[in-house]
Amino acid sequence: MKDQVAELLNQAVSQLKSSGVIPEQHPVRIMVDNTRDKSHGDLASNIALTLAKPCGQPPRAMAEQIIAALPENSLISKVEIAGPGFINVFLAGASSAEIVADILSQGAAFGRNTTGQGEKVQVEFVSANPTGPLHVGHGRGAAVGDSLCRLLAANGWDVTREFYYNDAGAQIKNLTLSVQARAKGMGPDDSGWPADGYRGNYITDVANSYMNGDTIDADDRHVTGVADADNFDAIQQFAVAYLRREQDLDLKAFGVRFDVFFLESSLYDDGKVEATVQRLIEQGFTYESDDALWLKTTEFGDDKDRVMRKRDGGYTYFLPDVAYHKDKFDRGFKRVINEQGADHHSTVTRVRAGLQALQLGIPEGYPDYVLHQMVMVTKGGEEVKISKRAGDYVTLRDLIDEVGSDATRYFLVSRRADSQLTFDIDLARSQSNDNPVYYIQYAHARVHALLRKLEQEGHRYDQQQGIDALSKLELDDERALMTQLRRYPEAVAHAGQSLEPAGIATFLKDLASQFHAYYNNNRMLVDDAELRNGRVALAVAVGQVLANGLDLLGVSAPESM
RNA sequence: GCGCCCGUAGCUCAACCGGAUAGAGCACUCGCCUUCUAAGCGAGUGGUUGCAGGUUCAAGUCCUGCCGGGCGUACCA
């Protein structure tokens, strides 16, 4: 709709160019916005304001000429000049109602677009190391990352979901030592306990399972415990598999899946880490100092150079990170988005600098990042501490068990990633209209309740008659709903482009709110069959859009509650 | 100290990448209510968009400097 109006304006501008009102060479960017105030019509353009100066005319005079040059079109019922020179467009009732027919015919496909043109994009998210259960921060990463994937797919991208983890580094060694200590019956306070060992109770569970000879089936590995407390390698294999399986179960409970699990260790096994070091040395961006090998990241915007190879000969984490992202590029991903906690934001400059130093033609801004800020959890008005110390550790599983997957998802994704988030457990649990998840799901369920009620009352829903009657729906509530429905594809496009799934949550809350208001103020199941079918058709369209939007958030759309 | 993110109603958040009189929900105040499933519905009060400058027809939005909060600032990831 916006595009069509923009095209009409474009034609008017062309005509004014050929008649000399607008300088032929002047570049014109047509912008059509939704209006905030309905007295300003449905759509508005600032075109006259931007053209006033280059054309040497007052904005309102400019607007008059544009309107005069505007081709006739049945979409539009009225055009006005307002304020300093805005051109306000009022859509004809019929064209506004058209959206409902579109929704009903397109169903689940409504709102999707082909912007991505089927190009590959890889989204890396969660990427938790298998050293413990997923916590709320990972949950935010999972909710945002998964929704991002759904959103990109809805915008026509071919999405690959990837989970990267380290199964062999210093932290894994630490994990293995901790499990081994537990397997030998030690506790964190015993003298033989490893220096920075993991103290959580879950370590004991891992050790017991290992000593029981359990078989572990994680998504990407399968291991049986050999029950030998002295076999370090076996314990490591088992512990990693055990914790990976726990994470898989958490992610399944959350409805999040991955296409690829990528091991940091594979980068060493395949020689990719070594090849990356060699390449960096060859390109002349390294130097030795203090028995370590440094990369001149300062040449690419970092505020200090970084160590790649430590004095002890091992590599710092960021080198495999560079090798990993080179590998992504080599796999054909021209676009890569990393969803991570903001506590890792210092890696952004480093990884990008390393990729530039390779001099392989990888674009400067590669990869993209979506960084989410910290999550604070509250219950009973009090902050629940997220600490790794055993006892008061808020795991993702705890949250899902307590408030359900839908509410957890919604709350974690409904705020922009770059602002801090307060997760109110009491609110997420509550089954009232204060709870936005409940409120939106209930709007969807209400549509289906309506259809059931309709049958109970002995009516039959005649969709075609409903569609034909749509132009007769002229109540303010009805027009407002149609306007909101028309904006859904824009919301999908905008959220996809800005990588902000939170926009969908906001949209849905507004739509649900308008639908509830409409439902409360007006009777749907009236005797007049034409009007009844028209209203039900509108309601069904609302239900469809609610379902489509909820799906983008990974939240279910129940038909009854 | 330096870098990144954030600062909008008492609270939780919007505001379609520069547009018109900054919008919702909760809370508060006042009405209505026994209704297709919901103790619900409607209306109202509430703002110098952290502060100070700048850019322009137009700034919550862009630039500069402060103030406040968060996260980083490892030869940890």
Side-chain angles (χ1 to χ4, degrees), chain A residues 2 31-37 39-40 44-46 49-50 52-53 58-59 82-86 88 127-129 131 165-166 169-171 174 196 264 289-294 301-304 306-318 320-321 340-349 369 371-374 376 414-422 424 427 431-436 438-439 442 445-446 449-454 456-457 487 490-491 493-495 497-498 502-503 505-507 509-510 513 516-517 519-526 532 535-536 539 560-561:
Chain A
K2 258 186 191 176
M31 286 182 57
V32 177
D33 284 335
N34 294 315
T35 52
R36 282 189 202 175
D37 188 333
S39 71
H40 296 149
S45 179
N46 62 353
L49 290 160
T50 61
K53 189 175 265 188
F86 290 101
N88 290 338
S127 291
N129 282 339
T131 55
Y165 71 95
N166 179 358
Q171 292 307 316
N174 191 9
D196 294 312
E264 182 182 330
S289 173
D290 296 333
D291 297 324
L293 184 65
W294 296 70
D302 204 354
D303 50 1
K304 56 189 274 197
R306 306 291 169 174
V307 170
M308 324 186 331
R309 191 171 59 220
K310 297 184 277 186
R311 199 176 299 151
D312 67 10
Y315 294 115
T316 54
Y317 72 91
F318 109 90
D321 261 10
Q340 300 179 351
D343 53 338
H344 288 168
H345 82 251
S346 60
T347 67
V348 175
T349 314
Y369 283 85
L371 303 177
H372 64 260
Q373 298 290 328
M374 302 295 100
M376 180 175 84
S414 63
R415 301 280 131 84
R416 289 178 43 157
D418 57 15
S419 59
Q420 285 151 249
L421 171 70
T422 303
D424 182 341
L427 179 59
Q431 303 230 327
S432 75
N433 291 350
D434 300 346
N435 182 346
Y438 177 89
Y439 189 69
Y442 178 47
R446 205 165 215 185
L450 193 61
L451 291 170
R452 290 191 293 271
K453 182 74 182 176
L454 181 128
Q456 279 169 26
E457 292 190 358
R487 291 178 185 176
E490 296 166 17
H494 184 255
Q497 197 201 348
S498 57
T506 305
F507 175 90
K509 211 172 69 175
D510 289 345
S513 157
H516 285 308
Y519 184 94
N520 290 326
N521 289 335
N522 302 281
R523 191 162 180 87
M524 309 273 114
L525 302 182
V526 292
R532 182 178 68 238
R535 288 186 169 170
V536 172
S560 64
M561 290 175 72

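Here is the naming used below: chain letters follow the sequence lines, and residue numbers restart at 1 for every chain.
The closest donor-acceptor contact from the side chain of A:R532 to the backbone of A:V526 lies under 3.5 Å. Judged purely by atom type and a 3.5 angstrom limit, A:S45 uses its side chain to pair as donor or acceptor with the backbone of A:M31. With hydrogens and angles disregarded, no donor-acceptor distance shorter than 3.5 Å links the side chain of A:H344 to the backbone of A:G341. A:N129 places a side-chain N or O within donor-acceptor distance of the main-chain N or O of A:N166, the cut-off being under 3.5 Å. Between the side chain of A:D196 and the backbone N or O of A:N174 there is no donor-acceptor pair closer than 3.5 Å. The main-chain N or O of A:S39 is found under 3.5 Å from a side-chain atom of A:D37 such that the two form a donor-acceptor pair.
The separation between A:L451 atom CG and B:C36 atom C1' is 11 Å, rounded to whole Å. Atom CD of A:E457 and atom P of B:C36 are 9 Å apart (whole Å). A straight line from CG of A:L49 to P of B:G19 spans 12 Å, rounded to a whole angstrom. When rounded to the nearest whole Å, the span between NE2 of A:H494 and C1' of B:U61 equals 12 Å. Per the geometry, CZ belonging to A:R487 stands 11 Å off C1' belonging to B:A15, to the nearest Å. As a whole-Å value, the separation of A:H372 NE2 from B:G70 P is 18 Å. To the nearest angstrom, P of B:C5 lies 15 Å from OH of A:Y369. Rounded to a whole Å, the CE atom of A:M31 is 9 Å from the C1' atom of B:C16.
Note that CD of A:Q456 and CG of A:L451 are 11.5 Å apart. Values are rounded to the nearest 0.5 Å. The NZ atom of A:K310 sits 15.0 Å away from the CG atom of A:D290 when rounded to the nearest 0.5 Å. A:K304 contributes atom NZ, which lies 13.0 Å from atom OG1 of A:T349 (distance to the nearest 0.5 angstrom). Here the CZ-CG distance, from A:F86 to A:D33, works out to 9.0 Å after rounding to the nearest 0.5 Å. Atom CG of A:L525 and atom CZ of A:R523 lie 6.5 Å apart (nearest 0.5 Å).
Residues passing the salt bridge (charged side-chain N to carboxylate O under 4.0 Å, His left out) test with A:R446: none are found, sequence neighbours excluded.
Distances were taken from every side-chain heavy atom of A:L525 (C-beta onward) to each of B:C16, B:C36, B:U37; the shortest belongs to B:C36.
Comparing B:G42 with B:G25, their P atoms sit 9 Å apart, to the nearest whole Å. Taking atom C1' in both B:A59 and B:G19, the straight-line distance is 10 Å, to the nearest Å. One C1' atom belongs to B:C11, the other to B:A27, and the distance between them is 8 Å to the nearest Å. Between B:C63 and B:U55, the two P atoms lie 15 Å apart (nearest whole Å). Rounded to the nearest Å, the gap between the C1' atom of B:U45 and that of B:C36 is 34 Å. Here, B:U48 and B:U29 have their C1' atoms 26 Å apart, quoted to the whole Å. Taking atom P on both nucleotides, B:C13 is separated from B:U8 by 9 Å, rounded to a whole Å. Spacing of P atoms, B:C62 relative to B:C75, comes out at 34 Å, to the nearest Å.
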Just the atom pairs and distances: protein N or O near nucleotides 20-23 of chain B's N or O, under 3.5 Å.
residue: B:A20; atom: N6; partner: A:N88; partner atom: OD1; Å: 2.5
residue: B:A20; atom: N1; partner: A:N88; partner atom: OD1; Å: 3.2
residue: B:A20; atom: N1; partner: A:N88; partner atom: ND2; Å: 3.1

If you restrict it to nitrogen or oxygen atoms, what contacts under 3.5 Å exist between nucleotides 39-49 of chain B and the protein, and what is each distance?
none

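Looking at heavy-atom distances under 4.0 Å, A:M561 makes contact with a base. Across all strands, A:R452 comes closer than 4.0 Å to base atoms (heavy-atom distances). Using a 4.0 Å heavy-atom distance criterion, A:N522 is classed as a base contact. Residue A:S513 is classed as having no contact, given no heavy-atom separation below 4.0 Å to the nucleic acid.
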Practice problem: Go along nucleotides 6-11 of chain B 5' to 3' and tag each nucleotide: B for a protein heavy atom under 4.0 Å from its base, S when only backbone or sugar atoms are that close, - otherwise. | Solution: S-----
Quiz item: Quick one: what's the B/S/- string for nucleotides 72-77 of chain B, heavy-atom cutoff under 4.0 Å, read 5' to 3'?
Solution: S-SBSB
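In RNA chain B, the stems built from three or more successive Watson-Crick or G-U pairs (distances below 3.5 Å) are B:1-7 with B:67-73, B:10-13 with B:23-26, B:28-32 with B:40-44, B:50-54 with B:62-66.
Place A:T506 and A:L454 on RNA chain B by their nearest nucleotides, and A:T506 ends up nearer the 5' end.
For the pair A:R452/A:S560, a side-chain contact is recorded, criterion being any heavy-atom separation below 4.5 Å from C-beta on. Looking only at side-chain heavy atoms (C-beta outward), A:T316 and A:R306 stay at 4.5 Å or farther from each other.
Closest approach of A:A44 and A:T35 over heavy atoms only: CB-CG2, 3.7 Å. Between A:L450 and A:A539, the shortest heavy-atom contact is CD2-CB, 3.9 Å.
Against the 90° criterion about 0, the sugar-base torsion of B:C17 places it in the syn range.
Using a 4.0 Å cut-off, no side-chain N or O of A:Y519 falls inside it from OP1 or OP2 of B:C36. At the phosphate of B:C13, OP1 or OP2 sits under 4.0 Å from a side-chain N or O atom of A:R415.
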Exercise. Go through A:Y369 and A:H345 one step at a time and tell me if the ring-ring contact (aromatic ring centres under 6.0 Å, His included) criterion holds.
Key: CA-CA 9 Å; A:Y369 283 85; A:H345 82 251; over 10 Å; no
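A:H516 and A:Y439 have tilted rings, their planes meeting at an angle from 30° to 60° on a 0 to 90° scale.
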